[in-house]
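Comments concern the structure below.
What you see is a predicted model, and the numbers here were worked out from it, not measured in a lab. Residue numbers start from 1 in every chain, and the chains themselves are labelled A, B, ... in the order their sequence lines are given, proteins ahead of strands.
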Protein chains: 2
Amino acid sequence: MDNDVLRQAPLFSSLDDEAATALGNSMAETTLRRGDVLFHEGDSGDKLYIVTEGKVKLGRSSSDGRENLLAIMGPGQMFGELSLFDPGPRSATVTAVTDATFGSLSHDDLLKWLDGRPMVARGLLSQLAGRLRKSNDVVADLVFSDVPGRVAKALLDLADRFGRTADDGVHVHHDLTQEELAQLVGASRETVNKALADFASRGWLRLEPRSVVIMDLERLSRRAR
Amino acid sequence: MDNDVLRQAPLFSSLDDEAATALGNSMAETTLRRGDVLFHEGDSGDKLYIVTEGKVKLGRSSSDGRENLLAIMGPGQMFGELSLFDPGPRSATVTAVTDATFGSLSHDDLLKWLDGRPMVARGLLSQLAGRLRKSNDVVADLVFSDVPGRVAKALLDLADRFGRTADDGVHVHHDLTQEELAQLVGASRETVNKALADFASRGWLRLEPRSVVIMDLERLSRRAR
DNA sequence: TGGCCGTTGTGAGCCAGACCACGGCTAGGA
DNA sequence: TCCTAGCCGTGGTCTGGCTCACAACGGCCA
């Protein structure tokens, strides 16, 4: 297991060395190739996963086949915990956006950790609370912002988590097609493309396949609010 | 304190008598009149509340003054816990929709309960997980469903929680104006009104001030999906 | 090296739903 | 008893964004 990344994961950052090592040992490792599905919406399952490398998308699809992405998760982030604490089938499909590896923990194993160590419980609670807050923000954006605004916001979020600052701007290799970006902001691919083209024509960013270079963070942020 | 309602609250349903009584004693009671605000979005505060009587709305407002309701909370439901585990200002404004009373618990008091009793931690986790699942559902609805569909879904949810079955249908005294209902589903009052009028003209329900009587649950449910 | 499939760019038309403008109804207060 | 302030009901107009349609551009495999 890649203990370094696990140690940095928000959930375990408060553990001491000995506890972290023990935890690392009780986790199993999984690997996926780009496009592989880890589990489907509706599956049963009670494992929690932490990304150690790569990116995944959490998505759900409507009865008529349209898709919607709830989140993109990168190294250090946790998912699959809903089915643990609120028993029921998986509420989203998880697909690898790049080749990716995860550590996983089963329900029973996690409970052992929970009962003894209040700090783990608090870590989980704050993790869930953060997710809930974010989800509420997404709701507000869907209600209040137009598509270009939501695209700008999504780019800023991706930049924040996956961006590398260079002298010509912030390089964001988000690894998403415009179709996926559209599903993430809840809009059509065409509209997202037009918003991106508009931002590019204003000189706020440069478009590259599955990535963007943000050249004017300031203006982009202003458009996002 | 109204211990009966607290005992029924999902959060504490797993506690034994002695623990529940002790907990009840460590909670303070608050009362509000219809329209009163408990706290505003952006306020600081670290109290968690549980509704013992009445209803409140959790809302947020955009920079240009428009409003959006995240949820309606009734007896037994908990709110305000986000600021506890994910420190930061309150993320929503809480307003009483009817006269209402609450039990409240401060951060410090809650932590005492948490560390000793794994069951309380699990209760909180499952509570939060349920909320997150619901919030994700709302996102999906905003992306996939049209306004009438979202209105139908909201009515069914309210019926489920506040409805009383009588021989002429399910009476739902939701205590919301159509304006508030509109904010809850993320639409304009006019559109919501037209959707309701349409449902009524089909004989699926009867409209009354701040309440509806659902006469054909079957059809309404079908319209909601 | 040519064909093909996944992805990106862009224009045209259409429609759900926001916004605007009323008019009527009811409840509570002077 | 009247007057005012919220609500509720319903039309008309306008537009953001979805759908459809099609072209251009790689990469990748045969």
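- Not one N or O on the side chain of A/Asn136 forms a donor-acceptor pair closer than 3.5 Å with the backbone of A/Arg133.
- B/Asn193 has a side-chain polar atom (N or O) that falls below the 4.0 Å cut-off from OP1 or OP2 of D/dG9.
- Residues of residues 203-216 of chain B that place a heavy atom closer than 4.0 Å to DNA chain C do not occur.
- From A/Ser91, atom OG reaches atom CG of A/Leu82 across 4.5 Å, with rounding to the nearest 0.5 Å.
- Proximity of residues 168-184 of chain A to DNA chain C (heavy atom under 4.0 angstrom from any strand atom) is restricted to A/Thr177, A/Gln178.
- With A/Val212 as reference, A/Val172 is the one residue of A/Val172, A/Leu220, A/Leu181 to meet the side chain to side chain contact (heavy atoms under 4.5 Å, CB included) rule.
- Look at CG on A/Asp198: it is 11 Å from P on C/dT10, rounded to the nearest Å.
- Sorted by first then second residue, the side chain to side chain donor-acceptor pair (under 3.5 Å) pairs that include residues 215-225 of chain B, not counting sequence neighbours, are B/Asp146-B/Arg223, B/Glu218-B/Arg222.
- Each end of the helix from C/dT1-D/dA30 to C/dA30-D/dT1 gets its own axis, taken as the rotation carrying the C1' atoms of four end pairs onto the next four within a five-pair window, and the two axes meet at 30° to the nearest 10 degrees.
- One finds the OG1 atom of A/Thr101 at 13.0 Å from the OH atom of A/Tyr49 (value rounded to the nearest 0.5 Å).
- To the nearest 0.5 Å, atom OG1 of residue A/Thr31 and atom CG of residue A/Asp99 are 9.5 Å apart.
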Its contact letters, B for base, S for sugar-phosphate only and - for none at protein heavy atoms under 4.0 Å, make nucleotides 18-30 of chain C read SBB----------

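- Taking atom CG on A/Asn68 and atom P on D/dC18, their separation rounds to 13 Å, with Å as the unit.
- One can place CD of A/Glu67 at 16 Å from P of D/dC18, the figure rounded to the nearest angstrom.
- Contact annotation: the side chain of B/Val213 never approaches that of B/Val170 to less than 4.5 Å [non-hydrogen atoms, C-beta and beyond].
- Here the options are B/Lys47, B/His107, B/Arg131, the test is side-chain hydrogen bond (donor to acceptor under 3.5 Å, both in side chains), and the partner is B/Glu81; only B/Arg131 passes.
- Looking only at side-chain heavy atoms (C-beta outward), B/Ser63 and A/Phe144 stay at 4.5 Å or farther from each other.
- Here the NZ atom belonging to A/Lys153 is positioned 8.0 Å from the CG atom belonging to A/Asp137, to the nearest 0.5 angstrom.
- With a 4.5 Å cut-off on side-chain heavy atoms, B/Leu142 and A/Val143 count as touching.
- Regarding A/Leu142, its CG atom lies at a distance of 11 Å from the P atom of D/dC18, rounded to whole Å.
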Just list the side-chain donor-acceptor pairs under 3.5 Å for residues 67-80 of chain A, sequence neighbours left out, or say none.
{"from": "A/Gln77", "atom 1": "OE1", "to": "A/Gly74", "atom 2": "N", "distance (Å)": "3.0"}
{"from": "A/Gln77", "atom 1": "OE1", "to": "A/Arg161", "atom 2": "NH1", "distance (Å)": "2.7"}

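- B/Asp175 pairs with exactly one of B/Arg34, B/Lys55, B/Lys57, B/Arg210 by the salt bridge (charged side-chain N to carboxylate O under 4.0 Å, His left out) rule, that one being B/Lys55.
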